[in-house]
Amino acid sequence: MSGSYWLKTGHRTRYPKLGQDIDVDVAVVGAGIAGILTAYHLVQEGKKVALFERFRIINGTTGNTTAKLSAQHGLIYQDLIQRYGKDRAGAYYKANMDGIEAIKQIDLLLDLGSLVENETVYAYTTDPAKVPSFKREIEAYRELGIRGEYLEETPLHWRIEAAVSMQDQGILHPVEFLDGVVKAAAKKGLGVYEETLVEGLDRKGDRYVLGTRDGLKITCGHVVYGTHYPGWEKDDYYDRLHARTTQALAYETREKLFEGAHIAYDTPSVTLRTMEYFGKHYFLIGGQSHMTGDGFSDEERYERIEELAHKLFGVTGPAFKWSTHDLMTEDHMPFMGRLYPDLPNVYTITGLNAWGLANSSAGALMITDLIMGRSNPYVEMYDPFRKIQPLAKDKEKERSSSTVSKVEQVTVETLGPDRQTVIERDGKRIGVYKDPQGKVHYMDLACTHMGCPLGLNDGDGTWDCPCHGSRFDKYGKVIYGPAMTDLKKVDPS
Ligand SMILES: Cc1cc2nc3c(=O)[nH]c(=O)nc-3n(C[C@H](O)[C@H](O)[C@H](O)COP(=O)(O)OP(=O)(O)OC[C@H]3O[C@@H](n4cnc5c(N)ncnc54)[C@H](O)[C@@H]3O)c2cc1C
Ligand code: FES
């Protein structure tokens, strides 16, 4: 089945569209984990808060994640020590552990039925050439007091060369958990508005006025953009983020297949975890991470992961498959805090580097502190305008993890039903979709955000933007921002 396991199995409460102008203390834009947790904490503090979502809650990357609640973000700590020194590297671990603890506490407090479980996470390699990196990482753990071990085997049944584990981490069902959090906050007065696209930002003294696509006004004292890519830009500063897509597949199994949550720093890389919700067992396998909209075949990428799942576990026929992207920063630390230094009371949580659950939870706590006028120890570390320190020596360049080919472009005449292709007319790239009835739809493949050329994702049937990750469905309808509008229809004749 195409689509995310989380969105297909989780329950999401429906909320109304904004129907009239509104005045609140804090407007939180975007109902993924970043926006929801920030809104939740602010409501607990007694603020009048409204949460706005352009589609449905938890529809974005949060509804499509692998949902490991972890401070082990690859072999990052050796790099952080090198870039920023021991204090900041330790603070990054501490911030993420605070974020994890906050989520575990919310789960307990709201009695959401153990949707968050404690888990040990493992990073491993089967490549002997990578062993020295793992040894350096465990040294970094020891220097920073991180609870973890160097291992030569893991709970997985295949041989590995090296691994590092991290204790006291977690896994969760993000849709079930966050739906519960929104419901609890709504009971305490949070206004929640779906299908409400927020745009524009005007400063009026010490207040801000945002607009909606339907022409309504949101007046507030503080704005928090939990929009994944910042929901408002005054220049191209956030162009520094780049979008990376990963594919995930979920298989139903008779029993739990393995303990722990795992990620292989191999070529190709692979991520693994199990799910035990609603009386059924599944496991998730993901990988084939690549630059969004790179023009290579996502259909083949799914096939490669299916082959791997068969080789490792003897399974065939995934129950769910989906792909999504996250926004990456150069130093692998998020951009969280003031959206622009000269714009008081406007905040962002972005650049979560595919490790956004613990990080955005830390960001939600930090922004709550800032709005409440309290200090927070992580402001400088996460500052979107921090000076990004380079690594002393170049890291090993990423080797191509893919054996997939470029998406084959065919002519409109030979295009099968329910298939897409790209053609050129007068030097312009045109997207073509032939629907199941044989009707052909033509659209301009310039992204409606800033005009980047869209790539065909033949695995999910979408048009994906390599610049900041906007996605459009087969007909050109925007399904993922920052783009606000659908693709332009064109007449190819
Ligand atoms: C394949 C994959 C696996 C991952 N696995 C993990 C993992 O195991 N652990 C981990 O910690 N992290 C993981 N991540 C990263 C993590 O899932 C993300 O960092 C996180 O979910 C991002 O949350 P968010 O709230 O910032 O964005 P989103 O969940 O995308 O939410 C943003 C919301 O804002 C809405 N929005 C945007 N613009 C507007 C607007 N103008 N008006 C109104 N609404 C708007 C969108 O519709 C969307 O619902 C993974 C990422 C990927 C790609
Ligand atoms: S998402 Fe920014 S140009 Fe496409």
Side-chain angles (χ1 to χ4, degrees), residues 4 6 27-38 51-73 96 99-100 121 169-172 174 178 193-200 210-213 225-233 236 238-239 241 243-248 261 263 271 273 284 286-289 292-293 322-328 334 336 348-361 363-364 446-454 463-472 478-484:
S4 145
W6 313 111
V28 179
V29 189
I33 187 164
I36 291 172
L37 292 181
T38 309
L51 175 66
F52 303 97
E53 168 55 47
R54 68 182 293 180
F55 300 119
R56 289 196 62 195
I57 60 164
I58 330 169
N59 216 62
T61 301
T62 307
N64 291 277
T65 177
T66 42
K68 297 177 189 172
L69 198 49
S70 171
Q72 188 189 57
H73 303 166
N96 276 278
I100 292 171
V121 298
Q169 310 298 296
I171 50 174
L172 72 159
L178 290 167
Y193 303 98
E194 291 187 319
E195 292 178 44
T196 303
L197 174 61
V198 176
E199 51 191 4
L210 307 166
T212 73
R213 186 42 64 95
Y225 288 108
T227 46
H228 203 217
Y229 187 86
W232 183 83
E233 298 162 88
D236 57 3
Y238 287 93
D239 230 16
L241 296 166
R244 247 186 120 72
T245 294
T246 303
Q247 262 121 338
I263 188 155
T271 177
R273 62 161 285 183
L284 183 157
Q288 294 286 331
S289 175
T292 303
W322 70 98
S323 81
T324 189
H325 70 278
D326 211 2
L327 296 160
M328 319 301 278
M336 304 198 289
T348 184
I349 294 181
T350 188
L352 291 163
N353 294 292
W355 290 110
L357 303 196
N359 261 317
S360 65
S361 175
C447 179
T448 57
H449 178 226
M450 290 183 181
C452 286
L454 301 174
W463 308 103
D464 295 357
C465 185
C467 290
H468 318 105
S470 288
R471 291 178 78 178
F472 302 83
V478 62
I479 52 172
Y480 207 110
M484 302 264 184

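All ligand and atom numbering here is 1-based and tracks the order in the structure. In what follows, residues are counted from 1 in the order of the sequence shown.
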Against ligand 1, does [X] come closer than 4.0 Å with any heavy atom?
X: G226; result: yes
X: E53; result: yes
X: N353; result: no

Would you check if the side chain of [X] reaches a backbone N or O of [Y] as a donor-acceptor pair within less than 3.5 Å?
X: T292; Y: C465; result: no
X: E53; Y: A31; result: yes
X: T65; Y: T61; result: no
X: S360; Y: G356; result: yes

For ligand 2, which atoms sit closer than 4.0 Å to a heavy atom of [X]?
X: C465; answer: 1 (S), 3 (S), 4 (Fe)
X: C452; answer: 3 (S)
X: C447; answer: 1 (S), 3 (S), 4 (Fe)

Using distance alone, determine whether [X] and ligand 1 share an N or O pair under 3.5 Å.
X: R54; result: yes
X: T65; result: yes
X: K68; result: yes
X: L69; result: no
X: T61; result: yes
X: T324; result: no
X: N64; result: no
X: G231; result: no
X: A354; result: yes
X: L357; result: yes

Using every non-hydrogen atom in the two residues, find where [X] and [Y] come nearest and quote the distance to one decimal.
X: L172; Y: R273; value: O-NH1, 3.0 Å
X: W6; Y: A67; value: CZ2-CB, 4.0 Å
X: N64; Y: T324; value: O-CG2, 3.3 Å
X: T245; Y: H325; value: OG1-CB, 3.4 Å
X: W322; Y: S4; value: CD2-CA, 3.4 Å
X: A354; Y: M328; value: N-SD, 4.2 Å

Can you list the ligand 1 atoms lying under 4.0 Å from a non-hydrogen atom of [X]?
X: F52; result: 43 (C), 44 (N)
X: A34; result: 25 (O), 26 (O)
X: V29; result: 40 (C), 42 (N), 43 (C)
X: G30; result: 33 (C), 34 (O), 35 (C), 44 (N)
X: G32; result: 25 (O), 29 (O), 31 (O), 33 (C)
X: F55; result: 47 (O)
X: L352; result: 19 (O), 22 (C), 26 (O)

Do [X] and [Y] come close enough that some side-chain heavy atom pair is under 4.5 Å?
X: C447; Y: W463; value: no
X: E194; Y: I57; value: yes
X: V29; Y: L210; value: yes
X: Y238; Y: L327; value: no
X: I36; Y: L51; value: yes
X: H468; Y: E233; value: no
X: M484; Y: R213; value: yes
X: S470; Y: L454; value: no

Which bit of [X] gets closer than 4.0 Å to ligand 1, counting heavy atoms only: side chain, backbone, both or neither?
X: A67; result: backbone
X: Y480; result: side chain
X: W355; result: both
X: T196; result: backbone
X: H325; result: backbone

Heavy-atom nearest neighbour in the protein, as seen from [atom], with distance rounded to 0.1 Å:
atom: atom 1 (C) of ligand 1; value: T246 CB, 3.5 Å
atom: atom 3 (S) of ligand 2; value: M450 N, 3.3 Å
atom: atom 16 (C) of ligand 1; value: G356 N, 3.8 Å
atom: atom 1 (S) of ligand 2; value: S470 OG, 3.2 Å
atom: atom 39 (C) of ligand 1; value: T227 CG2, 3.5 Å
atom: atom 15 (C) of ligand 1; value: D326 OD2, 3.1 Å
atom: atom 24 (P) of ligand 1; value: T62 OG1, 3.9 Å
atom: atom 42 (N) of ligand 1; value: V198 N, 3.1 Å

Open item on the list: Tell me the angle that ND1 of H449 and ND1 of H468 form around atom 2 (Fe) of ligand 2, rounded to 10°.
Closed with: 90°
Task: Y480 versus H228, side-chain donor and acceptor atoms under 3.5 Å - done: yes
Task: Any donor-acceptor N or O pair under 3.5 Å, side chains N96, N359 - done: yes
Task: Sole residue of T348, I349, T350 in side-chain contact (heavy atoms from CB on, under 4.5 Å) with M336 - done: I349
Open item on the list: Measuring from atom 3 (C) of ligand 1, which candidate in I57, L172, T66 has the nearest non-hydrogen atom?
Closed with: T66
- [ ] Closest by any non-hydrogen atom to atom 40 (C) of ligand 1: pick that one out of T348, I100, I58, L197.
- [x] L197
- [ ] Check the angle between the aromatic planes of Y193 and F52 and answer parallel, tilted or perpendicular using the 30° and 60° thresholds.
- [x] parallel
